[in-house]
Amino acid sequence: MLENKSIADIFTEIADILDIQGENPFRIRSYRNAARTIGDMSESLQDLVKTGRNLEEIPGIGKSIHEKILEIMKTGKCQSLEELKKKTPPGLTELLRLEGLGPKKVKLLYDGLGVDSVDRLEKAAQAGRLKDLSGMGEKTEEKILKSIEQFRAGIGRFKLSTGFTYAEALGRYLGDVPGVKRLDPAGSFRRRRETIGDLDILAICTKTSKVMERFVAYGEVKDVISKGETKSSIRLRNGLQVDLRVLDEESYGAALHYFTGSKAHNVAIRERAKEMGLKVSEYGVFRARDEKRLTGAREEDVFQAVGLPIIPPELREDRGEIAAAEEGRLPRLIEPADIRGDLQMHTVATDGKSSIAEMAQKAKELGYSYLAITDHSQAVRVAGGLNEKALAKHLKEVEKVSGQISGIRILKGVEVDILGDGTLDLKDDILKECEVVLGSVHSRFNMEEGEMTKRIIRAIKNPCVHILAHPTGRLILEREPYKVNLKEVVQAALDYGVVLEINAYPDRLDLRDVDARMARDMGAKLAISTDAHSRQQLELMKFGVFTARRGWIEAKDVINTYPLDQMLNSLR
DNA sequence: GCCGTTTTCGGCCCGACTGTTTTCAGTCG
Ligand SMILES: Nc1nc2c(ncn2[C@H]2C[C@H](O)[C@@H](COP(=O)(O)OP(=O)(O)OP(=O)(O)O)O2)c(=O)[nH]1
Ligand SMILES: [Mg+2]
Ligand SMILES: [Mg+2]
Ligand SMILES: [Zn+2]
């Protein structure tokens, strides 16, 4: 099975090589756009082709790239990439990953010194040979050695939840600086992507404010990457890069729009503005013909200037949000306040840290009207999962505590393991005692796609299962999802009335944004659940809501926004 | 290479910071 990512990687490599060869930048951009689109898709291209879909309907995929995709599917290779690799050694694209090294310098290093790998680059820099090249000097050499160190540290992206920790700390630090009027985290953090490549912060302040000085003097700083009047970048000790952009109050809206991105969204908005005789930048919206400033103090002013309603940050990925805005089809996105209950959590009965009563108390504090206690079943040994007898006793306990706590309904539940053959880990008799039954996979992740799909669909067919929990089993930055045909799973869930979970735990976020969007488009119902293992973790619900919002999901798509009776009725 | 309620050709976002460039290219946001 050919994964989208493998195809996307091929187009990225073509783009990188063309870049080094100094090819037409727009042609290169087309390959990069296609790679991004393909890499971001929920459905597999191979499945789309099998079902006869015309790939050229996908924005950014035209005749040439379509043909290449088919060629890759057929032969596993792309001949034009093979040709390109004959002229430009593959090691050069690795050099592009180094900070501060772009296509022009990589070409110079190769042509001038034969540098075709990071190791060789390091040797050349250490020997002081880089200075021999025109356009390279002492400082470039130093910077390159630093970049190599950074590259070798292998620091990639960070979880969104980590971003919150650092954004809050930096917010407190910079918030105290005199002259700072506004401080907004922007970039992928504000769009609530599941991971962030860096932290982008917008500051609005008075002309005399020392905010830049204070920023680069932050205690956690390891390196100052660059420092200017309006823009600086630092690297923290843990490897996280932080970018600070400073602008005047009159530019606040345009600046926030620019710095929130995404890049593709910005480009699309700016193209649209251009067609309208306008120019959009981080400074504001201008009339193209005479550069007269028209607006830009508020974010909605920017959208209004280009004839659109404001688009929520989570949707700004150039995935159809501009067309939807134009046609008045933007979803009314779910909000944290819509959530009325939490349908997955664990207690001390298995691997949780809090009691049933503590969970219920916390849920009450969060303003919920219900919660489901869903401890593990016996097959999940590491978690101390319950067998039929232990679960029966546990359910009695839930009932008892429920009677003792007023103002919130505690539902009897279980997270029953889906065994390797798709049968469930507990007998139907006991499952029927539960008001909420989650089914999920915790073992044998390495199955073939077909086998895994069958396994999960078999579980869906069991009438006891209400919700399919963490449907793809991934752990962000740690474990890839197991191979499964999600579209078939969603279809089965629809056919049998099973709800799909968006697991809100920040390491999971499963279904992920684009998968949840596909499920919603197919008509599936969702449940956003924290999978809390302590009462504090019930607060993680917001991460699930972020993911849902990124999936264009509305409150009506999510069963735990419903009042108790309606929620229970929506279970099969 | 992709795209099109002005186009099937001719455009394709816009600006900040760095270094060695004596006037701006390269890289990045
Ligand atoms: N107009 C325009 N804006 C850009 C460009 N590159 C970046 N931006 C804006 C939009 C981005 O969201 C924002 C921050 O840049 P980043 O490189 O940090 O990207 P972002 O935070 O979206 O993703 P990340 O998780 O950091 O990889 O700056 C660009 O080429 N053009
Ligand atoms: Mg960023
Ligand atoms: Mg950034
Ligand atoms: Zn689980």
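Reminder, nothing fancy here: chain letters follow the sequence lines and each chain counts from 1.
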*Could you check which residues of residues 110-123 of chain A get a heavy atom under 4.0 Å from DNA chain B? Sort them by number, please.*
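Nothing qualifies; none.
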_For DNA chain B, which residues of residues 296-325 of chain A approach it to below 4.0 angstrom with any heavy atom?_
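Close to the strand, none.
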*What is the distance, rounded to the nearest whole Å, between atom CD1 of A/Ile61 and atom C1' of B/dG1?*
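Rounded to the whole Å, the gap is 12 Å.
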Residues in side chain to side chain contact (heavy atoms under 4.5 Å, CB included) contact with [X], at least two apart in sequence or another chain:
X	answer
A/Thr37	A/Ile58
A/Arg27	A/Leu18, A/Glu23, A/Asn24, A/Tyr31
A/Asp515	A/Ser42, A/Thr472, A/Leu486, A/Leu511, A/Arg512

Which nucleotide sits closest to the side chain of [X]: [options]?
X	options	answer
A/Ser30	B/dC17, B/dC13, B/dG1	B/dG1
A/Glu271	B/dT20, B/dC13, B/dC17	B/dC13
A/Thr140	B/dT20, B/dC17, B/dC14	B/dT20
A/Thr230	B/dG1, B/dA16, B/dC12	B/dA16

_Need to verify one output field. Residue with the more 5' nearest nucleotide on DNA chain B, A/His66 or A/Lys143?_
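The answer here is A/His66.
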_Nearest heavy atom decides the nucleotide; on that basis, is A/Ser64 or A/Ser232 closer to the 5' end of DNA chain B?_
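Counting from the 5' end, the first nearest nucleotide belongs to A/Ser64.
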*For A/Lys85, does the NZ atom sit with more than 12 other heavy atoms under 6.0 Å from it, leaving out its own atoms?*
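Above 12, so yes.
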Can you pull the salt bridge (Lys or Arg N to Asp or Glu O under 4.0 Å) pairs that have at least one residue in [range], sequence neighbours excluded?
range	answer
residues 37-46 of chain A	A/Asp40-A/Arg319, A/Glu43-A/Lys487
residues 69-80 of chain A	none
residues 304-316 of chain A	A/Glu299-A/Arg316, A/Glu314-A/Arg549

_Pairwise P distance, B/dC17 and B/dT21 [rounded to whole Å]_ =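 B/dT21 and B/dC17 have their P atoms separated by 22 Å.
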*Taking the P atom of each, how far is B/dT20 from B/dG26, in whole Å?*
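Pairwise P distance, B/dT20 against B/dG26, rounds to 14 Å.
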*With a 4.5 Å limit on heavy-atom distance, are the side chains of A/Leu475 and A/Arg508 in contact?*
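Side chain of A/Leu475 against side chain of A/Arg508, heavy atoms only: contact under 4.5 Å found.
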Hey, is the side chain of [X] poking within less than 4.0 Å of OP1 or OP2 on [N], counting only N and O atoms?
X	N	answer
A/Tyr283	B/dA16	yes
A/Lys227	B/dA16	no
A/Lys279	B/dG15	yes
A/Arg29	B/dC13	yes

_How would you summarise protein contacts on nucleotides 5-10 of chain B per nucleotide, using B for base, S for sugar-phosphate only and - for none, with heavy-atom distances below 4.0 Å?_
------
*Scan nucleotides 24-29 of chain B nucleotide by nucleotide, 5' to 3', and note B when protein non-hydrogen atoms come under 4.0 Å of the base, S if they reach only the sugar-phosphate, - if neither.*
--SSSB
*Can you run down the ring-ring contact (aromatic ring centres under 6.0 Å, His included) pairs that involve residues 181-235 of chain A, sequence neighbours left out, and say none if there aren't any?*
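Matches after skipping sequence neighbours: A/Phe164-A/Phe189, A/Tyr173-A/Tyr218.
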*Using a heavy-atom cut-off of under 4.0 Å over every strand shown, decide if A/Gly261 touches base, sugar-phosphate, or nothing.*
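Here A/Gly261 touches no strand at all.
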Electrostatic pair [X]:[Y] at N-O distance under 4.0 angstrom:
X	Y	result
A/Arg32	A/Asp19	yes
A/Lys5	A/Asp9	yes
A/Glu168	A/Arg172	no

*Not counting sequence neighbours, which residues clear ring pair (Phe, Tyr, Trp, His ring centres under 6.0 Å) with A/Tyr166? List them please.*
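Per chain and number, A/Tyr166 pairs via ring pair (Phe, Tyr, Trp, His ring centres under 6.0 Å) with no residue.
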*Tell me the partner of B/dT18, counting only Watson-Crick (N1-N3 plus N6-O4 or O6-N4) or G-U wobble (N1-O2 and O6-N3) with both under 3.5 Å; none if nothing fits.*
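Pairing partner: B/dA25.
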*asked:* Would A/Arg550 and A/Glu317 count as a salt bridge (Lys or Arg N to Asp or Glu O under 4.0 Å) here? Give the steps.
replied: CA-CA 9 Å; A/Arg550 288 182 55 80; A/Glu317 298 288 351; 2.9 Å; yes
